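Nothing here was measured: the structure is a model prediction, and the numbers come from that model.
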There are 2 protein chains.
Amino acid sequence: MPPAAPAKAPRKTAGRPVNSTITHERIVSVALEQIDRVGIHAFSLRDVARSLDVYPSTIYWHAASKDALLADVSSLVMAGVVPPRGEGDWRDWMRKLFNRYRKSIRKHPNVAQLIGAQLASNASLSIALIEGVIDALLEAGATETNLREAYNCVISAMMGFMTMELAPLPTDDPEGWAAALEARVRSVDPLAHPTLVRHLPLLANKAFILRWQNGSEVPLNSSFDAHVEIFLAGLEAFLQRPVGSGA
Amino acid sequence: MPPAAPAKAPRKTAGRPVNSTITHERIVSVALEQIDRVGIHAFSLRDVARSLDVYPSTIYWHAASKDALLADVSSLVMAGVVPPRGEGDWRDWMRKLFNRYRKSIRKHPNVAQLIGAQLASNASLSIALIEGVIDALLEAGATETNLREAYNCVISAMMGFMTMELAPLPTDDPEGWAAALEARVRSVDPLAHPTLVRHLPLLANKAFILRWQNGSEVPLNSSFDAHVEIFLAGLEAFLQRPVGSGA
DNA sequence: ACCTGAACACCGTTCAAGT
DNA sequence: ACCTGAACACCGTTCAAGT
């Protein structure tokens, strides 16, 4: 039987539910809570079942598989990120899109890799996103010869940075690993790598590969802002460029 | 006992190895082969042990944990991606870096997410990468007020796109899922989403969210090239921009 | 030093059986 | 229709014991 069930146990025999609300939405919601707490790696269906005080097999009545459930979790987190067409030009709309994506994902940092791995392959509710990006790109002057490339770059720019910013650190022995990396970083030979050592104070724990805390503890706000501006400036140059290579 | 062991079984009693070559490197190499075949999701230490015809616990003499082993696998794949300082300006060096990273990772597509999730937090052999990027940025005119931001953008641009391009599709029922997505994509209402439908032929199976095969089957070459050019143009604009916001 | 062999505490998923 | 209860085929990791 499912362990724990500390006090209340309203019903423990098979049959249709009396007043239980084991809906699909509740399962997704509990799954998201678990992921927020323990991360994607340690997340398990059996924990979800325990939280709901049901058997693991119950989950399978409401969800097809673990992967399907995770897809629904990422859809839930993505809900509402796509800005309305509203006023403002395509630059404003894209800036808004990027910032809203960041805000949504920062509420559930552990879902970042899920989205990177699943939105890339899952259409769920994101038709609004696709159409919004296409419209913005057409407004920016995209043509048949560069629309696909520009579209792919927008999607990857939106998600790529944050996937990395929120990439999980080694879970086993967290502060031991942090101390080891910090020591190793601080003991780099100044003669062999002078520029690295000189700029270490600027980068330590605030730059990829050189950090021992991830983006949910040490956000990379200014870098994300730079990322957005770099992308928008580069995109405009790309779309205004003379014809030539397109395939 | 470990199953299979079809024909040869040179030694099956405990003790020091007679002539076995169960080195750390061989374990990492076999692990990479497994990942290439079955993907990160289905990869297991026990399979590696089976391939080497040893008990799972043997792995733990040569590696600290599964995560540590995976870190070594990604280091192996990353070996040799950092270009030498050589001739050419910082733009050439960075273009080379991006393209060599792409070439290396395309040989082992399933490792892409590993790198995205681990290089972001693991220093392994990548001091050459860090120093190379810093040097290139200084040559490009980066200063104390924007070096960190530019550095983070370079690293995320290098890995972000390919992490998405090679993101795994649902593994269970692959062609069933592909058919379902394709059908759903082709049945979008033209009245509700006119621009999407109009540009569908251009995007179908060649654009994020709208594809049913991932980057190892349908590469996004021209989009990656666009991504690199967009980033380089945007980066130059960012570095040449007047002082102002930097924190 | 390096491996066997067994055990521990988990997984996702399936399926008959209940009500 | 919706859940129990048990089972199947796995995992990563630990640890005593062998040589």
| said: So that I can tick it off, tell me whether B/E165 and B/R106 are bridged by a salt bridge, with the cut-off set at under 4.0 angstrom between side-chain N and carboxylate O. | reply: yes
| Distance below 4.0 Å between A/Y60 side-chain N/O and C/dT13 OP1 or OP2 | yes
| request: Can you tell me, in whole Å, how much space there is between the C1' of C/dA16 and that of D/dC2? | output: 15 Å
| task | Measure from the side-chain N and O atoms of B/E131 to the backbone N and O of A/L196, and report whether any donor-acceptor pair falls under 3.5 Å. | result | yes
| query | Rounded to the Å, how far apart are B/H41 NE2 and C/dG12 P? | reply | 9 Å
| request: Give a yes/no on whether any side-chain N or O of B/R50 is located under 4.0 angstrom from OP1 or OP2 of D/dC11. | output: yes
| task | Ignoring the backbone of B/R46, work out which of D/dT4, D/dT13, D/dA1 is nearest its side chain. | result | D/dT13
| Does B/H62 have a side-chain nitrogen or oxygen under 4.0 Å from the phosphate oxygens OP1 or OP2 of C/dC3? | yes
| Shortest side-chain distance from B/V54, nucleotide among C/dT4, C/dT13, D/dT13 | C/dT4
| note | Tightest non-hydrogen contact, residues A/V197 and A/P190, listed as CG2-CA, 3.7 Å
| field | Minimum heavy-atom distance between A/E149 and B/S222, given as atom pair plus value | value | OE2-OG, 2.6 Å
| task | Name the pairing partner of C/dT4, where a pair is Watson-Crick or G-U wobble with both distances under 3.5 Å, or state none. | result | D/dA16
| query | For A/Y55 and D/dC3, is the shortest distance between a side-chain N/O and OP1 or OP2 below 4.0 Å? | reply | no
| message | Output the rounded distance in Å from CG (A/L69) to C1' (C/dT13). | response | 14 Å
| query | Pick the nucleotide of DNA chain C nearest each of A/A64 and A/A42; which residue has the one closer to the 5' end? | reply | A/A42
| query | Does C/dC3 have OP1 or OP2 sitting under 4.0 Å from an N or O in the side chain of B/W61? | reply | no
| request: Check whether the side chain of A/S57 and the base of D/dG5 form a donor-acceptor pair under 3.5 Å. | output: yes
| message | Students often get this wrong, so: under 4.0 angstrom with heavy atoms, is A/S44 touching a base, only sugar-phosphate, or nothing? | response | sugar-phosphate
